[in-house]
Colleague: 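Before anything else, here's the structure in question.
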There are 2 protein chains.
Amino acid sequence: MFSKKTEYALRATIYIAKHSSEEKKLSIVDISKAINSPQSFTAKILQVLTKKKLIHSLPGPNGGFYITEPTLQAPISCIIDAMGENEALDKCVLGLKKCSTANPCPLHEQYKKVKFQLKEIFEEKSISKLAKELKNNKSLQY
Amino acid sequence: MFSKKTEYALRATIYIAKHSSEEKKLSIVDISKAINSPQSFTAKILQVLTKKKLIHSLPGPNGGFYITEPTLQAPISCIIDAMGENEALDKCVLGLKKCSTANPCPLHEQYKKVKFQLKEIFEEKSISKLAKELKNNKSLQY
DNA sequence: ATAATTAAGGACAAAAATATCTTTAATTAT
DNA sequence: ATAATTAAAGATATTTTTGTCCTTAATTAT
Ligand code: FES
Ligand code: FES
């Protein structure tokens, strides 16, 4: 569905949402270990999220990444957007230049319903909600 | 959704289904022009489909690609499979090693419904049905 | 102030996806 | 038989995605 970049962005954000606070910041080392992603690559991704103020960071001892309320309340579509993948959800499944009901490909009618549901999922699920759904005891096999 | 490879494979197959017969074969030149895809790249893709007997080919004058009943009746999931992308529909949206209800990511429950519908679309729509839905008069903007 | 720690930034590298080009083989029309 | 036509096959090239490494800048603890 998504690129690695977006996958890591989502995983990292959810992890940060679950385990960080302004008092307890998380280092890139911790985060990339926890979500099983390449450290430097993940650092680049978090840089982008930080620039877009979706997460925050502070260098130095006890520094790291953390997240605040506005983003916790935001839908995960923010993260997908920030990674430039929201357009992926608008594309025609057969690669038509424009996916539209006016000029539909032969799969359009059925596919658009699915796309609509997908968008709904990503716009309705907030980051904090997802983080809460992450069971503490059960570590996911990323 | 799909890679370029798969997009071209689907477009080419649908085009061949609509415009070819055993008597009227289509050259790679015609096909790639019609579906607006890079010619040599498309040739490679059709080679794969030919090897897997999903379409057929014959070299020489009046040669080209054509399609026969078994494939016309087959679902487009065949083509997706042939391109090695059916597993894409089984993957976890967050990149968990295994997407399963037993060990679900926080998006699993909602996402699996969408995946199920997608699979259904690709397994229920036959190639000939799609070809018939292609309007003759309206040329799609690939 | 100094040293330690951590993110930011830039350059580079490897792998995968996408695309092109050239030669060969098969088939057909003459 | 010969020439023309078309797909098959293999080598190569380009672009994008994914990933690494090294230096710099910011912050904090001492
Ligand atoms: S036009 Fe193809 S999915 Fe909408
Ligand atoms: S486990 Fe993530 S989508 Fe199924």
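Note on naming: letters A, B, ... go to the chains in the order of the sequence lines (proteins, then strands), and numbering restarts at 1 for each one. For the numbers below, each heavy atom of this structure counts, side chains included, while hydrogens, waters and symmetry mates do not.
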Colleague: Side chain of B:F65: nearest nucleotide among D:dT20, D:dA8, C:dT20?
Modeller: D:dA8

Colleague: Name the nucleic acid region contacted by A:S27, choosing base, sugar-phosphate or nothing; use a 4.0 angstrom heavy-atom cut-off, strictly under.
Modeller: sugar-phosphate

Colleague: Taking the inter-plane angle between the rings of B:F2 and B:F122 on a 0 to 90° scale, is it parallel (under 30°), tilted (30 to 60°) or perpendicular (over 60°)?
Modeller: tilted

Colleague: Does a side-chain heavy-atom distance below 4.5 Å link B:K24 with B:Y66?
Modeller: no

Colleague: Using a distance-only criterion (donor-acceptor N/O pair, under 3.5 Å, no hydrogens), is the base of C:dG9 paired with the side chain of A:K51?
Modeller: no

Colleague: Please tell me if B:N62 has a side-chain N or O lying less than 4.0 Å from either OP1 or OP2 of C:dT27.
Modeller: no

Colleague: Nearest of D:dA7, C:dT6, C:dA8 to any side-chain atom of A:P59?
Modeller: C:dT6

Colleague: For B:Q110 and A:K125, does a side-chain donor sit closer than 3.5 Å to a side-chain acceptor?
Modeller: yes

Colleague: When the distance from CD of B:E7 to C1' of C:dA19 is rounded to whole Å, what number comes out?
Modeller: 15 Å

Colleague: Would you say a side-chain N or O of A:Y8 is under 4.0 Å from OP1 or OP2 of D:dT18?
Modeller: no

Colleague: Does a donor on one side chain sit under 3.5 Å from an acceptor on the other, for A:T6 and A:E85?
Modeller: yes

Colleague: Establish whether the base of C:dG10 is bridged to the side chain of A:K44 by a donor-acceptor pair shorter than 3.5 Å.
Modeller: yes

Colleague: Counting only side-chain N and O atoms of A:Q39, is one of them less than 4.0 Å from OP1 or OP2 of D:dG19?
Modeller: no

Colleague: Does any nucleotide pair with D:dG10 by Watson-Crick or G-U wobble geometry, both distances under 3.5 Å, and what is it?
Modeller: C:dC21

Colleague: If you only use heavy atoms from C-beta on, which nucleotide in D:dT27, D:dG19, C:dT20 is closest to the side chain of A:L58?
Modeller: D:dT27

Colleague: Which part of the nucleic acid, if any, lies within reach of B:L26 when heavy atoms closer than 4.0 Å are counted: base, sugar-phosphate only, or nothing?
Modeller: sugar-phosphate

Colleague: In whole Å, what is the span from the CZ atom of B:F41 to the P atom of D:dA7?
Modeller: 18 Å

Colleague: DNA chain D: A:P38 or A:G63, which has the more 5' nearest nucleotide?
Modeller: A:P38

Colleague: Could you identify the nucleotide paired to D:dT17, looking across every strand shown and requiring Watson-Crick or G-U wobble geometry with both distances under 3.5 Å?
Modeller: C:dA14

Colleague: Does a side-chain N or O of A:S57 approach OP1 or OP2 of C:dA8 to a distance below 4.0 Å, or not?
Modeller: yes

Colleague: For A:K52 and C:dA8, give me the distance from atom NZ to atom C1', rounded to whole Å.
Modeller: 17 Å

Colleague: A:P61 side chain: which of D:dA8, D:dA29, C:dT18 is closest?
Modeller: D:dA29

Colleague: Look at the side-chain heavy atoms of Ile, Leu, Val, Met, Phe, Trp and Tyr, link any pair under 4.5 Å apart, and say whether B:L58 and B:I45 land in one connected group.
Modeller: no

